[in-house]
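Quick notes on the structure that follows.
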Amino acid sequence: MTTPSPVPVRHVPVVIVGAGPAGLTVANILRAASVDCVVLEAESREFIERRPRAGFLEEWAVRALERRGLADRIVERASTHSEFEFRFEGGRHPFRYTELTGHHHYVYPQPLLVTDLVREYADVRGGDIRFGVRDVELHGIDGERPSVSYSDPETGERRLLRCEFVAGCDGARGVTRTAMPAARTAVARHDHGVGWLALLAEAPPSSDCVILGVHPRGFAGHMPRSPEVTRYYLQCPPGDDPGNWPDERVWPELHTRLAVDGAPPLTEGPLIEKRVLDMHDYVTEPMAYGRLYLAGESAHLVAPIAAKGMNLALHDALLLADALVAYHGKGDDSGLRGYSAACLRRVWHYQEFSQWLSELYHGPSSGNPFRAGTASARLRRVLGSPAAATSFAEMFLGKDTDH
């Protein structure tokens, strides 16, 4: 990292790189505690408020946001889910996890959450957020006076923010990940060996709940998003081209993998999005170096197999924001010193559950009779044992994973 040599300079306690759920949550909590910060975002406000992403929020996350005044719209507008349905071997198998745990999921697409958090931070609380910035660079993160430089999107002029801490919340392809020194960090990776074709259909959901189809041809998923829009997933080869999946191929395959006796047919509609997601994970340890603290996908990626990514990002953000507030308000650095370890406990719980669930989803289509047999046994145990069902439900909901 070089020493910066521009430009207009501003001093601010915290610079947050990235305006996703993690960065905006940190920013809002700092703003409410009168800790000054600046958010830098490479994309436009319009882009981040429309970018398609995850849609499931675990109840603990909503309650934590609610305590900080950040969940009013979620509580008012989001639908809740209390069960889902497995479909395999031609049968329907409801799984009522709220009956087992007393907790539920909220369905609230990430673009809506980002919109809420941007509005609260920038419009309501008057926070400083700079969109469309270019060429962000971090300097001196291993010292007591780090800084962040960037190019102004309108003038091209280099600008410099001197700070005490940098929150790296700019995702898997962001600059903050690369600022972590390779000699001081380790990155653990896992590849599930499958892809998912992610589809967004302008069609009403065909069921009130999530449907998880475990089929010899591959996994299929049905996820309600709104009364007019449904998310579907189809297992496909990793690296597959979405162009290989015209509508006239997609719908018959969805019908085949999700068809069971007694279920109404899927409601078809225009497919307005097709993307192939390669199912892989990584974890960076530690999640902090010097004055840089990573949160969300800057530090870890969990494949969308168990709908954990946005929830993990919020968990990181809540811990980091509280630690920064404690430091600036009371001089207490214990939260910052323990930040990485506290985050990683939940990260590894969620990674393990995602891997476990991946085998259940993908084993039957692996072409390996042993994997197919053990995956089916795993699913029957969840459906047939109250103890196994409760354990599964608690992990599915993210309960008690910090202990």
Side-chain angles (χ1 to χ4, degrees), residues 54-56 81-97 105 107 192-201 203-225 229-238 240 242 244-245 247-269 271 273-279 303-308 353-368 371-384 389 392-393 396:
F56 281 88
H81 281 201
S82 60
E83 65 179 285
F84 60 82
E85 181 178 289
F86 282 116
R87 293 186 179 180
F88 78 108
E89 296 181 350
R92 305 173 69 179
H93 305 271
F95 188 85
R96 299 182 176 92
Y97 52 86
H105 272 117
V107 181
H192 295 272
V194 301
W196 279 12
L197 179 67
L199 305 156
L200 204 60
S206 303
S207 169
D208 292 337
C209 69
V210 169
I211 302 170
L212 305 173
V214 180
H215 194 276
R217 293 179 63 89
F219 170 79
H222 161 282
M223 284 77 176
R225 284 293 181 264
V229 174
T230 306
R231 168 72 72 188
Y232 287 99
Y233 291 111
L234 276 173
Q235 181 183 338
C236 63
D240 203 354
N244 293 332
W245 291 88
D247 292 16
E248 55 268 24
R249 181 186 179 193
V250 166
W251 286 112
E253 195 66 26
L254 284 169
H255 283 285
T256 296
R257 298 190 196 182
L258 294 173
V260 290
D261 292 339
L266 301 180
T267 304
E268 298 187 14
L271 295 171
E273 178 189 277
K274 295 178 185 178
R275 295 181 296 141
V276 172
L277 310 175
D278 289 342
M279 298 292 107
I305 292 164
K308 296 296 187 184
F353 179 66
S354 179
Q355 187 178 36
W356 185 93
L357 193 58
S358 175
E359 187 61 19
L360 186 152
Y361 287 168
H362 305 127
S365 59
S366 65
N368 182 319
R371 286 181 61 192
T374 55
S376 295
R378 180 173 292 183
L379 182 51
R380 289 192 187 94
R381 183 169 66 250
V382 167
L383 295 173
F392 176 87
F396 185 69

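Side-chain atoms are counted along with the backbone in the values below, which use heavy atoms only and exclude waters and symmetry mates. The residues of the chain are indexed from 1 along the displayed sequence.
- Under a 3.5 Å cut-off, the side chain of Arg217 and the backbone N or O of Arg257 do not form any donor-acceptor pair.
- Between Val107 and Pro224, the closest side-chain pair of non-hydrogen atoms is not below 4.5 Å.
- Leu212 is listed as a side-chain neighbour of Met223, based on a closest heavy-atom distance under 4.5 Å.
- Ring-centre distance between Phe396 and Phe84: below the 6.0 Å cut-off.
- Between Phe219 and the choices Trp196, Tyr232, Tyr233, the ring-ring contact (aromatic ring centres under 6.0 Å, His included) rule is met once, by Trp196.
- The main-chain N or O of Trp356 is found under 3.5 Å from a side-chain atom of Arg378 such that the two form a donor-acceptor pair.
- Between Pro364 and Val214, the closest heavy-atom pair is CG-CG1, 3.4 Å.
- Smallest separation of non-hydrogen atoms from Thr267 and Ala203: O-CB, 3.4 Å.
- When all heavy atoms are compared, the tightest approach of Phe95 to Ala389 is CZ-O, 3.4 Å.
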- Message: Evaluate Thr230 against Leu266 for side-chain contact (heavy atoms from CB on, under 4.5 Å), listing each step before the verdict.
- Response: CA-CA 11 Å; Thr230 306; Leu266 301 180; over 6 Å; no

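- With hydrogens and angles disregarded, no donor-acceptor distance shorter than 3.5 Å links the side chain of His362 to the backbone of Val194.
- Within a 6.0 Å sphere centred on CG of Asp208, heavy atoms belonging to other residues, nucleotides or ligands number 12 at most.
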- Task: Go through the steps to decide whether Arg249 and Asn244 satisfy the test side-chain contact (heavy atoms from CB on, under 4.5 Å), and finish with yes or no.
- Result: CA-CA 9 Å; Arg249 181 186 179 193; Asn244 293 332; 4.0 Å; yes

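- Within the 4.5 Å cutoff, the side chain of Arg231 has no heavy atoms near those of the Val210 side chain.
- Lys308 contributes no side-chain N or O that, together with a main-chain N or O of Ser354, makes up a donor-acceptor pair within less than 3.5 Å.
- At a threshold of 4.5 Å between non-hydrogen side-chain atoms, the residues Phe353 and Ile305 do not count as touching.
- Judged by distance alone, the side chains of Ser365 and Gln235 do bring a donor and an acceptor atom under 3.5 Å apart.
- Going from atom CG of Leu379 over to atom CD of Glu359 covers 12.5 Å, rounded to the nearest 0.5 Å.
- One distance of note links OG of Ser358 with CG of Leu360; it measures 9.5 Å at 0.5 Å rounding.
- Distance CG/Leu234 to CH2/Trp245: 5.5 Å, rounded to 0.5 Å.
- Among all heavy-atom pairs drawn from Gly363 and Ala375, the shortest one is CA-CB, 4.0 Å.
- In summary, the side chains of His222 and Glu85 do not present any donor paired with an acceptor at a separation below 3.5 Å, with no hydrogens or angles considered.
- Interatomic distance, CD1 of Ile211 versus CZ of Arg92, reported as 7.5 Å (0.5 Å rounding).
- Within the 3.5 Å criterion, the main-chain N or O of Glu83 finds no donor-acceptor partner in the side chain of Arg96.
- Ring pair His81/Phe56 is perpendicular by interplanar angle, where above 60° counts as perpendicular and below 30° as parallel.
- When side chains are defined from C-beta on, Arg225 does not count as touching Pro205, because their heavy atoms never get closer than 4.5 Å.
- Between Pro264 and Ser206, the shortest heavy-atom contact is CG-O, 4.2 Å.
- Counting only distance, with no hydrogens or angles, the side chain of Ser376 and the backbone of Gly373 share no donor-acceptor pair below 3.5 Å.
- Of the inter-residue distances, the one linking Glu273 atom CD with Leu197 atom CG reads 9.5 Å to the nearest 0.5 angstrom.
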